[in-house]
Amino acid sequence: MDDIDQQILAALRRDGRASHSEIAGSLALSRATVRARIDRMVARGDIAGFTVLTRADVTQAPVRGLMLIGIEGRGADRITRRLLGMAEVQAVHSTNGRWDIVAEIGTETLAELDEVIARIRRIEGVTTSETNLLLSTRRPLSSR
């Protein structure tokens, strides 16, 4: 991808409903050039898809956090299963480095998030954790 492709992607990220003509006008390109470049990025897999962000996507579990979890011994599979059984845990990721697991958590309130964090910390084998609140989310064009 060159700089023009990056500019087209940036325009689509700002407004996924922008027409080829609107993008072309903002970038001083022809509509045919924009269309051809988007088609080529889709064909190459640079653009994996297009999506819609609904009100439910934004308002469901408005308090979100990433919990970095350290685990004692070989309990990662057992703890991952426990986490995935919790309604507030939206995803669990294995990782490398200092932390063993990253849990994405979503709740309605900060008090609920605090309670979920406390429950996770009480799971046998969880030795340490750090939680970061997600304040805002910007999604790339191919986010889903």
Side-chain angles (χ1 to χ4, degrees), residues 1-27 29 33-144:
M1 271 195 292
D2 64 13
D3 188 53
I4 293 172
D5 287 343
Q6 293 292 341
Q7 290 176 30
I8 292 170
L9 286 177
L12 287 169
R13 283 186 176 119
R14 280 189 300 278
D15 180 3
R17 294 186 62 189
S19 69
H20 292 156
S21 296
E22 290 169 327
I23 295 169
S26 71
L27 299 177
L29 300 169
T33 297
V34 170
R35 185 184 70 239
R37 283 179 171 263
I38 290 172
D39 290 346
R40 189 171 38 237
M41 285 187 281
V42 169
R44 283 191 317 242
D46 294 330
I47 296 176
F50 297 86
T51 188
V52 171
L53 186 61
T54 66
R55 183 186 335 234
D57 294 329
V58 175
T59 59
Q60 189 177 43
V63 179
R64 297 161 302 134
L66 295 177
M67 187 172 188
L68 311 169
I69 303 169
I71 296 173
E72 176 182 61
R74 298 178 183 244
D77 290 340
R78 177 183 53 80
I79 292 170
T80 296
R81 284 191 300 276
R82 279 280 299 277
L83 293 172
L84 290 172
M86 299 172 73
E88 301 88 354
V89 175
Q90 298 170 340
V92 178
H93 309 275
S94 62
T95 187
N96 66 335
R98 176 175 177 210
W99 304 103
D100 299 302
I101 293 175
V102 177
E104 293 182 47
I105 304 168
T107 62
E108 291 291 319
T109 66
L110 280 171
E112 289 174 12
L113 181 67
D114 187 43
E115 193 276 323
V116 171
I117 292 168
R119 273 194 287 147
I120 292 171
R121 287 180 175 158
R122 288 191 299 265
I123 296 173
E124 186 178 333
V126 171
T127 58
T128 187
S129 69
E130 178 181 313
T131 304
N132 296 287
L133 291 178
L134 301 175
L135 301 177
S136 67
T137 300
R138 291 162 186 86
R139 299 183 192 268
L141 184 60
S142 60
S143 65
R144 293 194 185 228

Heavy atoms only: give me the nearest [X]-[Y] pair and the separation to one decimal.
X: Glu108; Y: Val63; result: O-CG2, 3.6 Å
X: Asn132; Y: Glu130; result: ND2-OE2, 3.7 Å
X: Gly106; Y: Gln90; result: CA-NE2, 3.6 Å
X: Leu83; Y: Val89; result: O-CB, 3.2 Å

With a 4.5 Å heavy-atom cut-off, do [X] and [Y] have their side chains touching?
X: Met67; Y: Arg121; value: yes
X: Glu115; Y: Thr107; value: no
X: Ile23; Y: Asp15; value: no
X: Ile4; Y: Leu27; value: no

>> side-chain contact (heavy atoms from CB on, under 4.5 Å) for Arg44 and Asp5? Distances and angles first, verdict last.
In response: CA-CA 12 Å; Arg44 283 191 317 242; Asp5 287 343; 3.4 Å; yes
Rounded to the nearest 0.5 Å, how far apart are [atom1] of [X] and [atom2] of [Y]?
X: Ser19; Y: Arg35; atom1: OG; atom2: CZ; result: 12.5 Å
X: Leu84; Y: Ile79; atom1: CG; atom2: CD1; result: 12.0 Å
X: Ile47; Y: Met1; atom1: CD1; atom2: CE; result: 8.0 Å
X: Leu12; Y: Met41; atom1: CG; atom2: CE; result: 7.0 Å

Exercise answer: donor-acceptor pairs, residues 93-105 side-chain atoms, under 3.5 Å, sequence neighbours excluded:
from, atom 1, to, atom 2, distance (Å)
His93, NE2, Glu104, OE2, 2.5
Asp100, OD2, Ile71, N, 2.6

> For Asp114, which residues count as a side chain to side chain contact (heavy atoms under 4.5 Å, CB included) partner, sequence neighbours excluded?
Replying inline: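 Here no residue qualifies.
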>> Between Arg37 and Asp46, does any NZ, NE, NH1 or NH2 come within less than 4.0 Å of an OD or OE carboxylate oxygen?
In response: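 The answer is no: the pair does not qualify as a salt bridge.
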> Do you know which of Thr131, Thr128, Ile123, Ile120 makes side chain to side chain contact (heavy atoms under 4.5 Å, CB included) with Ile69?
Replying inline: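 Output: one option passes, namely Ile120.
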> Counting heavy atoms not belonging to Glu124, are there more than 12 under 6.0 Å from its CD?
Replying inline: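 12 or below, so no.
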>> Applying side-chain contact (heavy atoms from CB on, under 4.5 Å) to Arg119 and Met86, what does each step give before you reach the verdict?
In response: CA-CA 10 Å; Arg119 273 194 287 147; Met86 299 172 73; 3.4 Å; yes
> Which pairs with one or both residues in residues 70-80 pass salt bridge (Lys or Arg N to Asp or Glu O under 4.0 Å), sequence neighbours excluded?
Replying inline: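 Non-adjacent pairs meeting salt bridge (Lys or Arg N to Asp or Glu O under 4.0 Å): zero.
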>> Set out, in order, the CA-CA distance, both residues' side-chain angles and the distance that settles side-chain contact (heavy atoms from CB on, under 4.5 Å) for Leu113 and Leu133, then state yes or no.
In response: CA-CA 10 Å; Leu113 181 67; Leu133 291 178; 3.2 Å; yes
